[in-house]
Amino acid sequence: MTDKNPQGPEAAIPVILARRVTGQIGVGIEKSIGGHMLRLQATLPARYREADEDALQSMIGAARASLGKDLIILGHHYQRDEVYRWADATGDSYNLAKFAAEHPDAKYIVFCGVHFMAESADILTSDDQIVVLPDLNAGCSMADMAPIDALEEAWDFFDQVLDIDEVMPITYINSSAAVKAFVGARGGAVCTSSNADKVISWGLSRRRKIFFLPDQHLGRNTARAMGFTESDECIWDPNADFDAVDEVRLKEATFILWKGHCSVHQRFTPEMVHRFREEHPEGKVIVHPEVAHEVVQLADYVGSTEKIRKTITESEAPSVWGVGTEIHLVRRLAEEMAPQGKIVMSLDPIVCPCSTMFRIDAAHLAWCLEELASGRVVNRITVDPSTAEHARAALDRMLEIAG
Ligand code: 13P
Ligand code: SF4
């Protein structure tokens, strides 16, 4: 390691075989091990670790003001309030990707969200725009369930047993840039939870089969809402032995669903919905499409984080809502809606935060903004040009289809 790390010995992480992700000072590394992305965020300097909440908020305010129009801050709905309140735009993955693409004048885009969101923003913006993720360890466990080498192996296998020209690959935006590029290079598209139905319909108008990854639940829930049944699906388990694959099923299925899931959303069960309905017979249930199909079947509404927010915000008061999604969005809605006489609660009595979204806190935001304000870029997320070119094709197709 040749660069001096200004953050003390605990931040001195070896960078052998690793790709540096920072602009000017060493703050962390990303490396791929066995197709899985390992990200290492160096410990923050004491100035941030030891500051109290008020001090951190003042630092963020001052740095943001000094960066002026050069900066936009994007905040996903699962973010902590201490950073969400600073966002110039808040929304679901689709809104935020679109917002980034529509702001070519912003020099810096600080993404309070997770890694795949920042990568998508980098792909959709110009080379001289800089996307920063305040904590490099803010990944997505679902995206990590689809490493690029496992996808390549799956595709090679399909090529042997199927007519590959009939297979349309569609990846949920919760996937790495490498996966998006693989899909884009084969004529496929990205989708989000707010447009999976449109993207799948588009795919089926061009090819007979959909290969959907990495979230089996979003794939299944969307297919079922379109009228398909269990007999139209088969699961692709990237960890199973190829000898165990049911080739007949693979050939017949309209949907091949990658066996991935979100551990936060997989917690929601039909029993939780039944209990909520017993306790609140007048209540409404709304869930994210990453929850299991048995739960979706019992819900009144299903949709992206933005749809959840909009549906509850625009509902008539008084009302009671049982929500199946990450707790930060649920708590924020509960607080905002209470004065209007709307009661909002999680379907899950045990709190289920997304531990990676949770990593972005006021200290990390203050640190990266102060560094930017001092002319130093930290935690820049960049996608190499050839990956970005194909990944962009897949993202652009989504933007075109979804409008
Ligand atoms: P949305 O696109 O609905 O915000 O979902 C993103 C996500 O990661 C949900 O777990
Ligand atoms: Fe990924 Fe689940 Fe967190 Fe969404 S809630 S970012 S799918 S781990």
Side-chain angles (χ1 to χ4, degrees), residues 36-37 39 74-80 84 87 89-100 111-121 124 133-146 170-176 179-180 190-199 212-219 221-222 258-268 286-292 295-296 299 301-312 323-333 346-348 351-360 395 398-399 402:
H36 289 271
M37 208 49 158
R39 301 175 193 98
L74 303 181
H76 186 264
H77 289 312
Y78 294 165
Q79 289 290 294
R80 299 165 179 242
Y84 188 85
T90 59
D92 60 19
S93 311
Y94 181 68
N95 302 138
L96 297 177
K98 213 163 170 266
F99 191 90
F111 215 124
C112 297
V114 288
H115 193 266
F116 72 80
M117 296 178 179
E119 268 190 341
S120 299
L124 289 168
L133 182 66
D135 185 328
L136 292 179
N137 288 338
C140 165
S141 54
M142 178 203 284
D144 291 343
M145 286 177 197
I170 294 178
T171 184
Y172 190 21
I173 197 166
N174 297 39
S175 54
S176 68
V179 166
K180 291 184 181 80
V190 169
C191 74
T192 72
S193 59
S194 65
N195 55 39
D197 52 348
K198 288 184 189 155
V199 177
F212 191 92
L213 73 159
D215 186 20
Q216 59 171 305
H217 299 294
L218 178 62
N221 286 325
T222 311
W258 189 273
K259 196 175 179 198
H261 66 269
C262 165
S263 42
V264 174
H265 288 89
Q266 199 154 278
R267 286 186 54 85
F268 295 98
I286 186 163
V287 298
H288 194 276
E290 287 175 15
V291 305
V295 181
V296 166
Y301 305 92
V302 55
S304 75
T305 55
E306 184 65 25
K307 179 168 172 190
I308 291 173
R309 191 180 163 78
K310 204 162 180 279
T311 306
I312 297 178
V323 186
T325 197
E326 207 268 351
I327 196 68
H328 285 81
L329 172 55
V330 182
R331 281 201 187 131
R332 185 173 304 115
L333 282 168
S346 175
L347 289 170
D348 186 354
V351 167
C352 51
C354 171
S355 58
T356 48
M357 286 274 183
F358 193 66
R359 297 195 74 97
I360 311 290
L395 280 160
M398 171 188 74
L399 294 171

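For clarity, every value in this text was computed on a predicted model and none was experimentally measured. When a ligand or atom number is given, it counts from 1 through the structure's own listing order. Numbers for residues simply follow the sequence, beginning at 1.
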Nearest to atom 2 (Fe) of ligand 2, what protein heavy atom do you find, and at what distance?
Cys262 SG, 2.3 Å
Measure the CG-CG distance between Leu124 and Leu96 for me, rounded to the nearest 0.5 Å.
11.5 Å
Determine, using ring centers only, whether Phe358 and His328 are less than 6.0 Å apart.
yes
Can you pull out the closest protein heavy atom to atom 1 (Fe) of ligand 2? Residue, atom name and distance to 0.1 Å, please.
Cys140 SG, 2.4 Å
May I ask you to check if ligand 1 and Ser193 share an N or O to N or O distance below 3.5 Å?
yes
Part of Asn174 with heavy atoms under 4.0 Å of ligand 2, whether side chain, backbone, both or neither:
side chain
Hey, is there an N, O or S on His265 sitting under 2.8 Å from atom 2 (Fe) of ligand 2?
no
Between Thr171 and Pro214, is any pair of side-chain heavy atoms under 4.5 Å apart?
yes
With side chains defined as the heavy atoms from C-beta onward, is the minimum distance between Lys98 and Leu399 less than 4.5 Å?
yes
Is any side-chain heavy atom of Leu213 closer than 4.5 Å to a side-chain heavy atom of Val179?
yes
Could you check atom 5 (O) of ligand 1 against the protein and tell me its nearest heavy-atom contact, residue, atom and distance included?
His288 NE2, 3.3 Å
Under the criterion side-chain hydrogen bond (donor to acceptor under 3.5 Å, both in side chains), I'd like the reasoning laid out for His77 against Glu326: C-alpha separation, chi angles, the key distance, then a yes or no.
CA-CA 9 Å; His77 289 312; Glu326 207 268 351; over 6 Å; no
Backbone N/O of Leu218 and side chain of Glu290: donor-acceptor pair under 3.5 Å
no
Close side-chain approach of Ile308 and Tyr301, heavy atoms under 4.5 Å
no
Around atom 8 (S) of ligand 2, find the nearest protein heavy atom and jot down its residue, atom name and distance.
Ser141 OG, 3.6 Å
Identify, by atom number and element, the atoms of ligand 1 in contact range of Glu290, meaning under 4.0 Å from any of its heavy atoms.
7 (C), 8 (O), 9 (C), 10 (O)
So NE2 of His288 and CG of Leu329: to nearest 0.5 Å the spacing works out to 9.0 Å
Under 3.5 Å, N or O to N or O, is Tyr94 touching ligand 1 that way?
no
Decide, counting backbone as well as side-chain atoms, whether Cys354 has an N, O or S atom less than 2.8 Å from atom 1 (Fe) of ligand 2.
no
May I ask you to identify, for Glu290, whether its side chain, its backbone, both or neither come under 4.0 Å of ligand 2 on a heavy-atom basis?
side chain
What part of Thr305 sits under 4.0 Å from ligand 1 if we count only heavy atoms: the side chain, the backbone, both or neither?
both
Hey, which atoms in ligand 1 end up nearer than 4.0 Å to a heavy atom of Asn174?
7 (C), 8 (O)
Assess whether side-chain hydrogen bond (donor to acceptor under 3.5 Å, both in side chains) is satisfied between Thr325 and His265, documenting all intermediate values.
CA-CA 6 Å; Thr325 197; His265 288 89; 2.9 Å; yes
Ligand-side contact atoms (ligand 2) for residue partner Tyr78, heavy atom cut-off under 4.0 Å
5 (S)
Per-atom contacts of ligand 1 with Ser93, taking only distances under 4.0 Å to non-hydrogen atoms
1 (P), 2 (O), 4 (O), 5 (O), 6 (C)
When you compare ligand 1 with His76, is there at least one nitrogen or oxygen pair between them that comes in under 3.5 angstrom?
yes
Show, in sequence, the C-alpha distance, side-chain angles and deciding distance for Ile173 and Tyr94, and conclude whether the side chain to side chain contact (heavy atoms under 4.5 Å, CB included) test is met.
CA-CA 8 Å; Ile173 197 166; Tyr94 181 68; over 6 Å; no
Counting each atom of ligand 1 from 1 as listed, which ones have a heavy atom of His265 under 4.0 Å away?
10 (O)
Ligand 1 and Ser304, any nitrogen or oxygen pair closer than 3.5 angstrom?
no
